[in-house]
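Here the structure comes first, spelled out in structure tokens, and everything after it is commentary.
Keep in mind that this is a model prediction, so the values were computed, not measured.
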Amino acid sequence: MSAFHAAVLVFPGSNCDHDADHALGSVLGAQTTLVWHKDGALPPDTDLVVVPGGFSSGEYLRTGALARFSPIMQDVVRFANSGGSVIGICNGFQILLEAGLLPGAMLRNESLKFVCRWTHLRVETTDTRFTSACRAGELLKIPVAHGEGNYTADERTLDELEANGQIVFRYADENGEPTAGANPNGSARHIAGIVNRAGNVLGLMPHPERACEAILGSTDGLKIFRSIMAARPVAA
């Protein structure tokens, strides 16, 4: 079997592309390719698309709103619609929302301040290709760093996410309770990460690529990437 191949997108203003490239390539041994946002197509053997964190296009209009129109995003949408695995981290989550690959939108943090801190994510479901290496209810120690991570959606959409098992991660305290104090941005129902209905596109605000080596303070992010690599779905 050929090596697992992750395509990591690069936008003007990306600052976590090399972090993701290091975590997947150097730590986990995957083949990685940095893909410039103006490229027209993903590498043909792509198993995973990583839409990384940062400040794409300076976020001068709205988070993710300009990056959503980058040429590479047309192929990302095609890849996702064909069943390929896509993970959007922080700004990447915002881009996936703008691209319509995930429901909802992002608001400024409730505090109106940039937040950079460790959080605990409660795993709400292991029935996804992103969490199969986790236990239901397990707490993952993963950091956040964002100014607009306040996830919002109308009540009907939130109810549908709950009913369909699309809420994958919630912010929780050290006892596993989703509390206001554990929620770094005020997101609705303490949501930290969601998947689409098909279950192949994940968006989350915390940074698993920054929690893949013990020297950084946590290796819990490896469970997310190892889950994806173990699933290795084949896009049509």
Side-chain angles (χ1 to χ4, degrees), residues 16 51 53 62-64 86-98 101-197 199-211 217-225 227-228:
C16 302
V51 191
R62 185 176 63 248
T63 54
V86 179
I87 181 170
I89 302 168
C90 196
N91 186 220
F93 186 5
Q94 297 161 344
I95 293 170
L96 295 181
L97 292 171
E98 289 287 339
L101 289 173
L102 291 170
M106 287 294 175
L107 302 174
R108 290 287 297 170
N109 292 346
E110 197 170 56
S111 66
L112 301 183
K113 296 179 180 178
F114 186 89
V115 175
C116 181
R117 75 183 219 200
W118 287 99
T119 63
H120 288 97
L121 307 186
R122 190 176 74 186
V123 178
E124 298 296 282
T125 176
T126 59
D127 190 24
T128 79
R129 65 181 68 173
F130 305 97
T131 54
S132 61
C134 304
R135 303 185 312 275
E138 181 177 2
L139 295 181
L140 305 181
K141 181 184 176 184
I142 298 180
V144 295
H146 57 251
E148 297 186 43
N150 185 352
Y151 178 77
T152 187
D154 60 79
E155 288 300 312
R156 179 178 177 180
T157 297
L158 292 171
D159 288 343
E160 288 178 351
L161 291 174
E162 298 269 14
N164 297 329
Q166 291 175 249
I167 299 174
V168 181
F169 301 111
R170 276 193 171 91
Y171 300 110
D173 62 20
E174 293 183 353
N175 297 314
E177 296 298 321
T179 63
N183 186 333
N185 47 47
S187 62
R189 304 191 188 184
H190 307 289
I191 290 172
I194 61 171
V195 290
N196 62 342
R197 285 292 298 271
N200 65 301
V201 178
L202 170 70
L204 75 165
M205 288 308 297
H207 288 268
E209 78 284 5
R210 296 183 182 178
S218 174
T219 59
D220 288 348
L222 291 174
K223 295 186 177 183
I224 296 174
F225 292 124
S227 295
I228 303 169

Discussion item. Can you list everything that forms a side-chain contact (heavy atoms from CB on, under 4.5 Å) with R117? Sequence neighbours excluded, please.
Written reply: V115, T119, V144, P184
Fill in: Side chain E148, main chain Q94, donor-acceptor under 3.5 Å
no
Practice prompt. List in chain and number order the residues that pass side-chain contact (heavy atoms from CB on, under 4.5 Å) with S227, two or more places apart in sequence or in another chain; answer none if no residue qualifies.
Written response: S132, A133
Item to complete: Indicate the atoms forming the closest heavy-atom contact of A192 with P206, along with that distance.
Response: O-CD, 3.6 Å
Worksheet, complete the sentence: The side chain to side chain donor-acceptor pair (under 3.5 Å) partners of R170 (sequence neighbours excluded) come to E124, E162
Item to complete: Please name all residues satisfying side chain to side chain donor-acceptor pair (under 3.5 Å) with E174, sequence neighbours left out, ordered by chain then number.
Response: none
Worksheet item: Mind checking whether L204 and V168 have side chains closer than 4.5 Å, heavy atoms only?
Response: no
Practice prompt. Grab the two heavy atoms, one from G186 and one from N150, that are nearest each other, plus how far apart they are.
Written response: O-OD1, 3.0 Å
Worksheet entry | Side-chain heavy atoms of F169 within contact of L140, under 4.5 Å | yes
Worksheet item: Excluding sequence neighbours, so at least two apart, what forms side-chain contact (heavy atoms from CB on, under 4.5 Å) with N164?
Response: E160, Q166, R197
Worksheet, complete the sentence: Contacts of D154 meeting salt bridge (Lys or Arg N to Asp or Glu O under 4.0 Å) (sequence neighbours excluded), chain-then-number -> none
Worksheet item: How many angstroms lie between CE in M205 and CG in L121, if you round to the nearest 0.5 Å?
Response: 11.5 Å
Fill in: Validation row: I87, I224 side chains within 4.5 angstrom (heavy atoms)
yes
Worksheet, complete the sentence: Closest non-hydrogen atoms of P103 and L161, given as atom of the first, atom of the second and distance, are CG-CD2, 4.0 Å
Worksheet item: Taking all atoms of both residues into account, what is the closest heavy-atom pair of T179 and D173, and its distance?
Response: CG2-OD2, 3.6 Å
Fill in: Partner residues of H120 under the side chain to side chain donor-acceptor pair (under 3.5 Å) criterion, sequence neighbours left out
none
Worksheet item: With A153, which residues qualify under side-chain contact (heavy atoms from CB on, under 4.5 Å), at least two apart?
Response: Y151, T157, L158
Worksheet item: When you measure from the side chain of D159 to the backbone N and O of A163, does any donor-acceptor pair fall under 3.5 Å?
Response: no
Worksheet, complete the sentence: When rounded to the nearest 0.5 Å, the distance separating CG of L102 from CD1 of I194 is 4.5 Å
Worksheet item: Roughly how far, to the nearest 0.5 Å, is the CG atom of N175 from the CG atom of L139?
Response: 8.5 Å
Practice prompt. Can you measure from CD1 (I142) to CD (E209) and round to the nearest 0.5 angstrom?
Written response: 9.0 Å
Discussion item. Any heavy-atom pair between the side chains of C16 and I89 that's under 4.5 Å?
Written reply: no
Item to complete: Can you measure from CD1 (I95) to CE (M106) and round to the nearest 0.5 angstrom?
Response: 11.5 Å
Item to complete: Test side-chain contact (heavy atoms from CB on, under 4.5 Å) on L96 and V51 and set out the steps.
Response: CA-CA 8 Å; L96 295 181; V51 191; 4.1 Å; yes
Worksheet entry | Inter- and intrachain pairs under side-chain hydrogen bond (donor to acceptor under 3.5 Å, both in side chains), touching residues 104-115, at least two apart | none
Worksheet item: Which atom names give the shortest non-hydrogen contact between K223 and C134, and what distance separates them?
Response: CB-SG, 3.9 Å
Response to the item:
Heavy atoms of P143 and W118 approach each other most closely as CD-CZ3, 3.4 Å
Discussion item. Can you list everything that forms a side chain to side chain donor-acceptor pair (under 3.5 Å) with N185? Sequence neighbours excluded, please.
Written reply: H146, Y171, S187
Worksheet item: Are any side-chain N or O atoms of S218 and backbone N or O atoms of K141, one a donor and one an acceptor, separated by less than 3.5 Å?
Response: yes
Discussion item. Once rounded to the nearest 0.5 Å, what's the spacing between atom CD1 of I228 and atom OG1 of T128?
Written reply: 8.5 Å
